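In what follows, a single structure is set out as structure tokens and then discussed.
The structure presented is a predicted model; accordingly, all values stated were derived computationally and were not measured. By convention in this document, chain letters (A, B, ...) are assigned in the order of the sequence lines, proteins followed by strands, and residues within each chain are numbered from 1.
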2 protein chains.
Amino acid sequence: MPRVSRPSSDLPPGQASAPTLDEVASRAGVSRATASRAINGGDRVSATARAAVEAAVRELGYTPNPAARSLVTRRTDSVALVVPEPDERVFSDPFFVHTLRGVNRMLAARDLQLVLLLARPGDERRLLRYLGSRHVDGAIVVSHHRDDQLADHLAALALPCAFIGRPWTSADRVAYVDTDNVAGGRAATELLIERGCRRIATIAGPGDMAAGIDRLKGWRAALRAAHLADDLVGHGDFTEHGGEMAARQLLERAPDLDGIVAASDLMAAGALRALADAGRVVPDDVAVIGYDDVGVPGRTTPPLTTVRNPIGEMAEQAVRLLLEQINDQRGPRPMRVIFPPALVRRDSA
Amino acid sequence: MPRVSRPSSDLPPGQASAPTLDEVASRAGVSRATASRAINGGDRVSATARAAVEAAVRELGYTPNPAARSLVTRRTDSVALVVPEPDERVFSDPFFVHTLRGVNRMLAARDLQLVLLLARPGDERRLLRYLGSRHVDGAIVVSHHRDDQLADHLAALALPCAFIGRPWTSADRVAYVDTDNVAGGRAATELLIERGCRRIATIAGPGDMAAGIDRLKGWRAALRAAHLADDLVGHGDFTEHGGEMAARQLLERAPDLDGIVAASDLMAAGALRALADAGRVVPDDVAVIGYDDVGVPGRTTPPLTTVRNPIGEMAEQAVRLLLEQINDQRGPRPMRVIFPPALVRRDSA
DNA sequence: TTGAAAGCGATACCAA
DNA sequence: TTGGTATCGCTTTCAA
């Protein structure tokens, strides 16, 4: 049992109720309307009035009541980041963490607050209810899975939204940013082929996420174009452990494999570990290439060659797409930004 | 350059403006007041009226406007989770991730929304402005550092708040939950002593966090009580990499060390790696003990003996402390809940 | 440039 | 149990 203690205290009796605009106005000797203008747009206010209001604001420590404000502006100045992930896996993936930080930074720059919506499968109703009641001006959705049908629901809500990563359904009805994952998978595979690999496996991502499917498709296309076998498919869940397990199995199935295309850096790192355990030298015996290029690649042994996902720009564009919808009163409308993949060569391939 | 495309679309013209309580009321054939009662408290409403209102709500897809509601209730029904961490490190620490999830779960159970406030050092003003303007009903603060003086500021704001981990300052003015880190550090060290270790090092946490300092203090107390040397102090930053580096240095300084007390599991995992590289067998050559017991310990080789931090319960109690303040109109008042440490024996010590 | 006044959409008091 | 109405704090016409 925990120890609970409650020190005796003689704190001030209650919360000093926050000052209102009225108080600011009367202290500044102007009307509430003028005070409001001085604080906001600032247009059409005399310098004297503005100065007086600003002084009053400072002296009183005034902050506008956000509820009152958004009741009339119909803006909440906050944006939801929706993460439809049941478990904590998402937080251990640098891709997601950097996305979160990128989005947060872009929003902060525009004085918008991020509201984190962690949605477990059962929470979906809650989630939609929250979004539906306009607590937020819009939503950014990451790590989207096949079954949540989030895009359908959001499109139906007519709530401005932007997906990071192409949604499974309603891709023509909602805005999203993505990289060309097919091209990325293909480029990664072609690099190994050029290097001389002939027995190339892949560790694919989850089958219920667009990125996983697309990168696999790119791998397959490259192999077929080169008339190489495309039977070596392992499956991981974007985690390091999953990548390690998958690599072990692949090595068992095909001891002659000489290349691995992993659908994420974390999985590639796991594969490196499995290869080291098996006594294979990277890249001489087996070349390995990852995906994402964030956080992981510099720290592995050897440093990972990978396909770069421009996370910062993706977050930036997602916020831009969202704001366009929020500001254009016409409501949600589809738009997409697709980034080309970029190979980053280090030492693993 | 990214590819931008904007498919032609013929979407519905604009957002159907959300239905208001008035519309619900008139559709149900009752007054707005009755409709409000039926939807909320539900007390003092006839069964007929209630049924009519509920039907109207369903047909119209009505959701209360949160801004209007909180303008009068003076509640926002949302709570901030404040994370004063400059970098993404915090997200790679399972301790933090589980705390986040625990808090989110407890809040969701009470229909409160979590608002994530990631505060970089420069953002401190922004942060306080946000909290000061009563966007949220209260705040939970984790991963608190010496320099941010957050506790002082929050106490001054008179905003209900609860810290997870004892705050540096104002510990007597704000509520917090914590584990007894001194006792934990001591217990961990005593375990190694009982095991027969005589040259025991520690990898301490950051010097600007209470948990880091306290665990170090416990380690020192145990060694002194046993008349053993307490000179082997390494420093890490709660990361695996930091733990590995610290362990390497310690091994160099004291090749005869036979025990390591790490202030977090992640750092212990790093130490395990360093020891393996150095050819030391754990626990026979060197016993290792971690701290936290979440995520990491089962996955290391060998599995980590550690000190358990009851994260779930801590999150639960933090939310409870916060809600007590929110519901008792008397405003913030200090309270603490301290959990006793619990050793979890596995194979590393 | 300024101020008076009309909402925004809910809750809650008070009579009925 | 119900309905009328004041109120929450702010923005935004509309006249002056």
Study note, to complete from the structure: Footprint ends on DNA chain D, 5' to 3', for atoms under 4.0 angstrom from a heavy atom of chain B, come out as D:dT1 to D:dG9

Revision key, fill the gap. If each end axis of the helix from C:dT1-D:dA16 to C:dA16-D:dT1 is fitted on five C1' pair positions, the angle between them, to 10 degrees, is 40°

Review point. Base, backbone or nothing for each nucleotide of nucleotides 8-16 of chain C, written B, S, -, heavy atoms under 4.0 angstrom, 5' to 3'?
Key: BBBBBB---

Does a side-chain heavy-atom distance below 4.5 Å link [X] with [Y]?
X      : Y      : answer
A:V174 : A:V141 : no
A:L112 : A:M106 : no
B:L100 : B:V142 : no

Check your understanding: In terms of side-chain heavy atoms, does A:N327 have a donor or acceptor partner in A:R75 at a distance below 3.5 Å?
Key -> yes

Exercise for review: Check for a donor-acceptor pair, side chain of B:T76 on one end and backbone N or O of B:D137 on the other, with a separation under 3.5 Å.
Suggested key: yes

Review point. So, are A:R320 and A:E316 salt-bridged, with charged N and O less than 4.0 Å apart?
Key: no

Exercise for review: Can you sort out the partners of A:E59 under salt bridge (Lys or Arg N to Asp or Glu O under 4.0 Å), two or more places apart, ordered by chain and number?
Suggested key: A:R27

Review point. Which residues satisfy the salt bridge (Lys or Arg N to Asp or Glu O under 4.0 Å) test with B:R32, sequence neighbours excluded?
Key: B:D22

Check your understanding: What distance separates B:D152 CG from B:T169 OG1, expressed to the nearest 0.5 Å?
Key -> 3.5 Å

Review point. Partners of A:R44 by side-chain contact (heavy atoms from CB on, under 4.5 Å), sequence neighbours excluded?
Key: none

